[in-house]
Number of protein chains: 2
Amino acid sequence: MELPINKFNKAFENRIRLGVMSILMVNDWVDFSTLKEMLELTDGNLASHIKALEVEQYIEVNKRFINKKPNTSYRATFLGRNAFKEHLNVLENIIKQNE
Amino acid sequence: MELPINKFNKAFENRIRLGVMSILMVNDWVDFSTLKEMLELTDGNLASHIKALEVEQYIEVNKRFINKKPNTSYRATFLGRNAFKEHLNVLENIIKQNE
DNA sequence: AAAATTAACTTTGCATTACAAAGTACTATA
DNA sequence: TATAGTACTTTGTAATGCAAAGTTAATTTT
């Protein structure tokens, strides 16, 4: 018997990383401070979770200057989108079971 | 703006507790060794996660003897079922967003 | 009756994860 | 030169996760 929960992706088990990904699935480029506001996090905490997703190559980074201020933006990579979709599929199966 | 992930239930953020609950949502009484096999866990690990759900009063416990051997069974309480359904609703909303 | 066995824990110890707070690097502005 | 803003990184600590070993109570075997 195949157990659905064993197909979970560890990278998305945390609510913050799940939140970051779910924002990046529906918005192309989102910058650091926007994510920080949306998720109501300290910058250190957000940075560390972003790093984790970056290490997995689930998001990519774009650093530039806007109005002479540094601005870092993120978006989901193809790899990240697929991994996230798969993770959601696992959840969907659990949900379906309960209908 | 209401952020879905802030409605997550901490009790279900762990894959094992999520697994236990999703099993108990579709089976009335399930005993310890069955859960242990299904989730492929050491007994100490399972016991600790079960305890966590018990403390939240999301599952109830029935201890008895079958064939003169101790047998402990669990089932989801009304409170637990509702909490779990709410948690799945949050996930469902994230999934819907991605369709 | 003593020893071994089984189920279901509990305890221990360690590794991993989470997170706030403080510190840092870089640039811009006063 | 000093102050401020952005995006980190580091530090320290608390929480979580988990395997392995130990425990308890009843049962079975010797």
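Below, read A as the first sequence line, B as the second, and so on, with proteins coming before strands; counting in each chain starts at 1.
Between dA18(C) and N45(A), no contact under 4.0 Å exists linking OP1 or OP2 to a side-chain N or O. Contact annotation: R15(A) does not reach the phosphate of dA18(C) (side-chain N/O to OP1 or OP2, under 4.0 Å).
In this structure, CD of E13(B) is placed 14 Å from C1' of dC19(C), rounded to the nearest angstrom. Rounded to an integer number of Å, the gap from D43(A) CG to dA18(C) P is 18 Å. Nucleotide dC19(C) holds its P atom 11 Å from the CG atom of L39(A), rounded to whole Å.
At least one side-chain heavy atom of F8(B) sits under 4.5 Å from a side-chain heavy atom of L18(A).
Place G44(A) and K10(A) on DNA chain D by their nearest nucleotides, and G44(A) ends up nearer the 5' end.
Contacts between chain B and DNA chain D, taken as any atom within less than 4.0 angstrom of a protein heavy atom, begin and end at dG17(D) to dT28(D).
Screening residues 10-26 of chain A for salt bridge (Lys or Arg N to Asp or Glu O under 4.0 Å), with sequence neighbours left out, gives E13(A)-R15(B), R15(A)-E13(B). Residue pairs that meet the salt bridge (Lys or Arg N to Asp or Glu O under 4.0 Å) test with at least one member in residues 60-69 of chain A, sequence neighbours left out, are E60(A)-R75(A).
The side-chain hydrogen bond (donor to acceptor under 3.5 Å, both in side chains) check on N45(B) picks up H49(B), with sequence neighbours excluded. T34(B) is linked by a side-chain hydrogen bond (donor to acceptor under 3.5 Å, both in side chains) to D31(B), counting only residues two or more places apart in sequence or in another chain.
The CG atom of L35(A) lies 7.5 Å from the OH atom of Y74(A); values are rounded to the nearest 0.5 Å. To the nearest 0.5 Å, the span separating CG on L53(A) from CZ on F12(A) amounts to 6.5 Å. Separating the CG atom in L41(B) from the CZ atom in F32(B) is a distance of 8.5 Å, to the nearest 0.5 Å.
In this structure, the nucleotide among dT29(C), dC9(C), dA20(C) sitting nearest to the side chain of Y74(B) is dC9(C).
Of the residues in residues 56-65 of chain A, K63(A) come within less than 4.0 Å of DNA chain D through at least one heavy atom, sorted by number. Within residues 46-55 of chain B, the residues having any heavy atom closer than 4.0 Å to DNA chain C are, in order of number, A47(B), K51(B).
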For nucleotides 2-7 of chain C, give me every protein contact, N/O to N/O, under 3.5 Å, one pair per line with atom names.
from, atom 1, to, atom 2, distance (Å)
dA7(C), O3', P70(B), O, 2.9

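Counting any heavy atom pair closer than 4.0 Å across all strands shown, I16(B) reaches sugar-phosphate atoms only and no base atom.
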Exercise. Passes side-chain contact (heavy atoms from CB on, under 4.5 Å), I23(A) versus L39(A)? Steps please.
Worked result: CA-CA 10 Å; I23(A) 289 168; L39(A) 298 166; 4.1 Å; yes
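For the side-chain contact (heavy atoms from CB on, under 4.5 Å) test with V20(A), the passing option among L46(A), V30(A), N14(A) is L46(A); the others fail.
Side-chain heavy atoms closer than 4.5 Å link hydrophobic residues (I, L, V, M, F, W, Y) into clusters, and following such links, even through other members, never connects W29(B) to L24(B).
V26(B) and S22(B) get closest at one heavy-atom pair: CG2-O, 3.5 Å.
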Can I get a per-line list of side-chain donor-acceptor pairs under 3.5 Å for residues 78-96 of chain A, giving both atom names and the distance, sequence neighbours left out?
from, atom 1, to, atom 2, distance (Å)
R81(A), NH2, M25(A), O, 3.0
H87(A), ND1, N9(A), N, 3.2
N93(A), ND2, N89(A), O, 3.4

